[in-house]
*Asks:* 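There's a structure below that I have some questions on.
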Amino acid sequence: MADAPKLVNLTVDGKKLTAPAGSLLIDACKNVGIEVPSFCYYPNLSLQGACRMCLVRVEKMPKLQTACTTVVAEGMVVATDNEEIKQARKAMVELLLGNHPLDCPVCDAGGECELQDMTFSYGAAESKYMEPKNHKDEQQWSPVVFFDRPRCILCYRCVRVCGEGMDVWALGVQNRGVSSIIAPNKEDHLECEECGMCIDICPVGALTSGAYRYKTRPWEMNHVGTTCAHCADGCKTTLGVRRADEGMEIVRGDNRDKSGINNDFLCMKGRYAFDFANHEDRLTQPLIRKNGKLTPSTWEEAFELVGKKLNEVRMRDGGSAIGVIGSTHTTNEENYLLQKFARAVLESNNIDHHRTADFPALAAVLSGKQEITASMRDVYNAPAILLIGNDPTEQHPLLAWQIRNNVRLHGAKLHIINSEPIKLRRQATSFTQIPVGAELNAASFLAGDDSALNAITASASRENWAALRNQLRNTENLVIIFGSEIRGAAVTAVTHLASSISGAKVIALADYANSRGASDMGLYPDLLPGYHPAAKSGLTLPQMAENAKSGKLKALYVVGSNPLARFHLDSQIFAGTFVVVQDMFLTETATIADVVLPAANLYEKTGTITNTCGDVQIVKKASEVNGPKSDFEMIVRIADAMGYDVRNLVPFGRGETADMGQSRGAQSGEADRHAVWLQANNLEPKLSPFDPMAIFDEIQRLVPGYRVSRLNLLSGNDEHTQLSQSGPGAKHDPALIVPAHDNLFSSGTLGRYSRALNSVMENRNPQPAEVAAD
Amino acid sequence: MADLVSHPDEVRVVSKRFGKGATNIDRYIELDGYKAVRKALTMEPDAIINEVKNSGLRGRGGAGFSTGLKWSFVPKQASKPKYILCNGDESEPGTCKDRLIFEHDPHAVIEGVMIAALAVGATKGYIYIRGEYRYLSEIMQKAIADVYAKGFAGKNIFGSGKDLDIYWHGGAGAYEVGEESALMESLEGKRGIPRIRPPFPAVVGLWGGPTVINNAETLASVPHILLGGAEWYANLGPPKNGGTRLFCLAGDLEKPGVYELPMGYNLKKMIYEVGGGIPNGRKLKAVVPGGSSTPILLPEEIDVAMDFDSVAKTGSMLGSGGVVVLDDTVCMVKFALRTIKFYQHESCGWCIPCREGTDWLKKTLIRFHNGAGLKKDIDNMYYLSENMLGRTFCPLGDAAAMPMMAFVKKFRKEFEDHLDGKPCPYEKASEEINRELAVL
């Protein structure tokens, strides 16, 4: 165990306090509630000493000292609040305001501006200057980044977060003296990852967001903390929503709440790509195919039709003639409900989803063993990381941030094995390039199979490989992260390596916001929630397509997925299949559907999602578009339309003690357990059939890995689930995994309908890369 | 190339080879060159440091820190290479002494670097020359090439088994880089912006290695100390202010030029005897004692010994040895503007008070001198300077604030005489200043 840090005693404003040796005075003060103002100081970025706001008087020092660069020392006596210091702060604010335009009434930052706050706190209400302010024109650096130059106070936060935090280094300073100016890397524009961290970190309104600027004032928005809907990393995000004609519109995404697993971080998608919600192509009315044409209809008509048709097929051809395809963008509760609906109502195990990682294989190795999955927070603190496959910079921006900043701030050792020279190699202690597709060989070698190298490396580099393996084996608390290149047997090999290292943990990388949840909640033909085997296996997604082709699949229910585009299916094969699609847009799959039901997205509903590491987090309803319904409601309504007692689907209703465990529960023959469990956990039965928390109750009861602190979860914190408590998992055909290959600026269907993402893509490439979508 | 001047009171130590062709390495060797370094090679490093410490040599760049003490801060054992860095970024207005050293006696600087390297265990020495001194860098390059050719630098210097590389590096035209940590940044190829201290360069300097940074004149003095002995050198000046100093006499003088005088030489005598007094029968108005950043002195304040401690007692500083003499035709508002304009132009822009403060001072002074000044401007300018002083990231802000405060304090009446649209009451305004003001 590491020794507790040595403490030093100091006195600040007459208050005696202790602080860890080596800590900065500004932090020591903050920790005891003494505010020392600053612009340029920002935790975890390099020190600047530039803004001079944090000047304090340290006894025995001839001049005022900057608290942000002063390290605490034993016996130090500090004053932070006397006339001299007040005057110094006031003078700094006066000097800044001298050239800073006072366009606060129209400035984006007005109301959440640090310079405003400082002016309010430290005075400088009167200007001493008569000359005109220095003016420079505003610049647009990218579709999403604008720079209003005169507002800049040169705190260099943007420069540092871009360079040190993002390893992009797209910002710098030009000229000198009063002409000093922050400048982008390509003459008049940015060529960067468009993460927008520079905007977020700007203390004033100098850097503004193309998606948000001049749209509203901060106090006119509601700020809803939720989880990002895009990749599988699960960044906490705060959405600024405002009333609009069509409901509640999201006007801004940021992460003002720094408590999430992403801390300061958000990427391009999390920050700007919420605009799909209000895209003009958004479906707001159910569509029914009449005379070959999709025609707007009422919800009642649509549900009645779907219920009738599904009942017909089930009774005539049996549940095996119905297929269900779930989503990687719906909540855990919806996914759980969907598979329960399939199995209990449709009486079909034909359920699948777009798989992007081999979680069943991981569950198979870990089931009943010691828990060795790592959380996203672990990645930031691990002493060493082994990354096999994937390019986190493009596909897992938060993961890349965690790795990069762990290396930078904590000196973690990063070892990379990849077929491409990915950007993270710049942080790596070792980078080993392997042929495409050789990940299994690499994993097997690391797990102890010496012969595995034969196919992929010349004998000359064998020593390096052996050295790497030795080093890894001796690295306690190593976190091993692997992309979808590692599947099936390779998962076993990697996990064996991890089990042989004390404290080592693993992360399997999937591609979408709730890919992990879809998997954990049993969107598999052969696996129930929690990776328990189903009594009888149903059809996989490709098998459903085959059955459709041969005329055996009579109905297909697609929730938030676009299999036609993703799996390049011929639309003709569904000619004899009754297809129901729930989606936000008329996707390729929706186009061939018989009924299309407009769905709410992840920002328009409440529930939980699980990131690729297994960290479960809450999503809160932030916005609303009039018309669409949540998938949860639609599933329940269809069950109802089929004449099913929805009380058996969603455990709700006062005083009910009926068996509501129809998924695993029904199959294991349990009864009344849910009511008993609720009582034992001091929980009330839910009152609405549309209450996702009723299903979450059931998930927590039946998926032991999800028995996390509900209090913590509902407070907006992340809770790591335990994959080791799952059932025995399964070995699947590795070919069933189809990586999404999204990059920083693409995101399946959501990305296709995001103007922000498209504008950046167009700006970069005349021909935006074509991206298959879900 | 500047004409050399002389005066009987001069004590020629650093300037003893000026005008004697010492840029030629053989001539330099004839004139006792590279003897001191040979002697240093026979000495223990601590003995060299002690000798320099005892000589009372203090930094000639302006701060006046004991050179020997500075060297002693360098750790004996270091995981990174140690460096000697010669600060030849001479840019303080009124100062032109290092220029003569580079021009007439470049090998003395190189020899000083070598001795410093031996004293602290450095294996690399850099001589950083101000960008505008391009014509001097050729002299330095030639000198370094000659030193390598003789086997005095590189591997196994003087056959001693020790290695020492010497490089020169040109600046890019920033006054700020005369500040030692900014100089290191510049040398590393970055923007010339000072570093946060601590850590000090002696511990973490160039490329993270322990580094000694000394002014060119300081290093050029070192060989003489080693040859003449610490006691001899110390006794040239008053206590704690050993040796001689190159004083750059400029402004309204009969005989301006660079004179080497003992430390502690009387300023009044310097002006009236060495510099030949004020021409055209004019009266003395004020004296800048040590470069433009040092607060100006009134005629009644100039009966002072020019050593670090005595000048400090007047509220000014000995600074870099640039003595600027102003006669009674000089407009002090214009002079203040000229001074502030320099600092405004040279502010690196890193910290708020210097970046913004110098700019507002300049703007106000321009308006003020143009006759649109208000009474409150005078107090505002003082207030601004007062709020810059001691609060900037590096001493450049102080360098602007200190003289500005002195101008207002000592010449308040002259500022008031400019109020209410009155024309500048001082006729003399050199063509040069007028031209520069026109483009402001």
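Each chain gets a letter, A, B and so on, in the order the sequences are listed, and its residues count up from 1. This one's a predicted model, so the numbers in the text were calculated from it and none came from an experiment.
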*Asks:* Which atoms of B/E176 are under 4.5 Å from chain A, going by heavy atoms: the side chain, the backbone, both sets, or neither?
*Replies:*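 Answer is neither: B/E176 stays 4.5 Å or more from chain A.
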*Asks:* Counting only non-hydrogen atoms closer than 4.5 Å, does B/L384 touch chain A with its backbone (N, CA, C, O), its side chain (CB onward), both, or neither?
*Replies:*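 Side chain of B/L384 only, per the 4.5 Å heavy-atom cut-off to chain A.
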*Asks:* Can a salt bridge be assigned to the pair B/E356 and A/R52 using a cut-off of 4.0 Å between side-chain N and carboxylate O?
*Replies:* no
*Asks:* Among B/T358, B/D377, B/T364, B/N387, single out the residue with the greatest number of heavy-atom pairs under 4.5 Å to chain A.
*Replies:*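 Among B/T358, B/D377, B/T364, B/N387, the one with the most close pairs to chain A is B/N387.
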*Asks:* Does any heavy atom of chain B fall under 4.5 Å from the side chain of A/E94, the backbone, both, or neither of them?
*Replies:*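 Just its side chain gets close to chain B.
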*Asks:* Tell me, for B/R391 versus chain A, whether the close heavy atoms (under 4.5 Å) come from the side chain, the backbone, both or neither.
*Replies:*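 For B/R391, heavy atoms of backbone and side chain both lie under 4.5 Å from chain A.
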*Asks:* Report, as yes or no, whether the 6.0 Å neighbourhood of atom NZ on B/K240 holds more than 12 heavy atoms from other residues, nucleotides or ligands.
*Replies:*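 Result for NZ/B/K240: open.
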*Asks:* Would you mind telling me which of A/L25, A/D27, A/I26 makes a side chain to side chain contact (heavy atoms under 4.5 Å, CB included) with A/C29?
*Replies:*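 For A/C29, the side chain to side chain contact (heavy atoms under 4.5 Å, CB included) check succeeds only for A/L25.
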*Asks:* With respect to chain B, which residue among A/T66, A/N175, A/N99 yields the maximal number of heavy-atom pairs within a distance under 4.5 Å?
*Replies:* A/N99
*Asks:* Donor-acceptor pair, B/S91 side chain versus B/D89 backbone, under 3.5 Å?
*Replies:* yes
*Asks:* Which one of B/P194, B/P198, B/C351 has the most heavy-atom pairs closer than 4.5 Å to chain A?
*Replies:*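 Winner by heavy-atom pair count: B/C351.
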*Asks:* At a heavy-atom separation under 4.5 Å, does A/N134 approach chain B through its side chain, its backbone, both, or neither?
*Replies:* both
*Asks:* Decide side chain to side chain donor-acceptor pair (under 3.5 Å) for A/N405 and A/R408; before the verdict, give the C-alpha distance in whole Å, the side-chain angles of both, and the deciding distance to 0.1 Å.
*Replies:* CA-CA 5 Å; A/N405 287 292; A/R408 178 172 68 93; 2.9 Å; yes
*Asks:* Are B/R412 and B/D379 ion-paired here, with the side-chain N under 4.0 Å from a carboxylate O?
*Replies:*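 Salt bridge present between B/R412 and B/D379.
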*Asks:* If you draw the axis of the six-membered ring of B/Y383, does the NZ or CZ of A/K128 fall within 45° of it and under 6.0 Å from the ring centre?
*Replies:*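 Geometry flag: set, cation within 6.0 Å and 45°.
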*Asks:* For A/V173, is it the side chain, the backbone, both or neither that has a heavy atom under 4.5 Å from a heavy atom of chain B?
*Replies:*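 Contact with chain B is through both the backbone and side chain of A/V173.
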*Asks:* With a 4.5 angstrom heavy-atom cut-off, could you sort out which part of A/L47 is near chain B: side chain, backbone, both or neither?
*Replies:* both
*Asks:* Mark yes or no: B/R130 above the aromatic ring of B/Y133, with NZ or CZ under 6.0 Å from the six-membered ring centre and no more than 45 degrees from the axis.
*Replies:* yes
*Asks:* Could you tell me if the ring centre of B/F335 sits under 6.0 Å from that of B/F411?
*Replies:*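 No - the distance between ring centres of B/F335 and B/F411 does not fall below the 6.0 Å cut-off.
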*Asks:* Output the option from B/F393, B/Y343, B/W360 having the highest count of non-hydrogen pairs under 4.5 Å with chain A.
*Replies:*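 The answer is B/W360.
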*Asks:* Please classify the contact of B/I193 with chain A as side chain, backbone, both or neither, using a heavy-atom distance under 4.5 Å.
*Replies:*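 No part of B/I193 comes within 4.5 Å of chain A.
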*Asks:* Under 4.5 Å from any heavy atom of chain A, what part of B/D398 do you find: side chain, backbone, both or neither?
*Replies:*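 For B/D398, the contact with chain A is made by the side chain alone.
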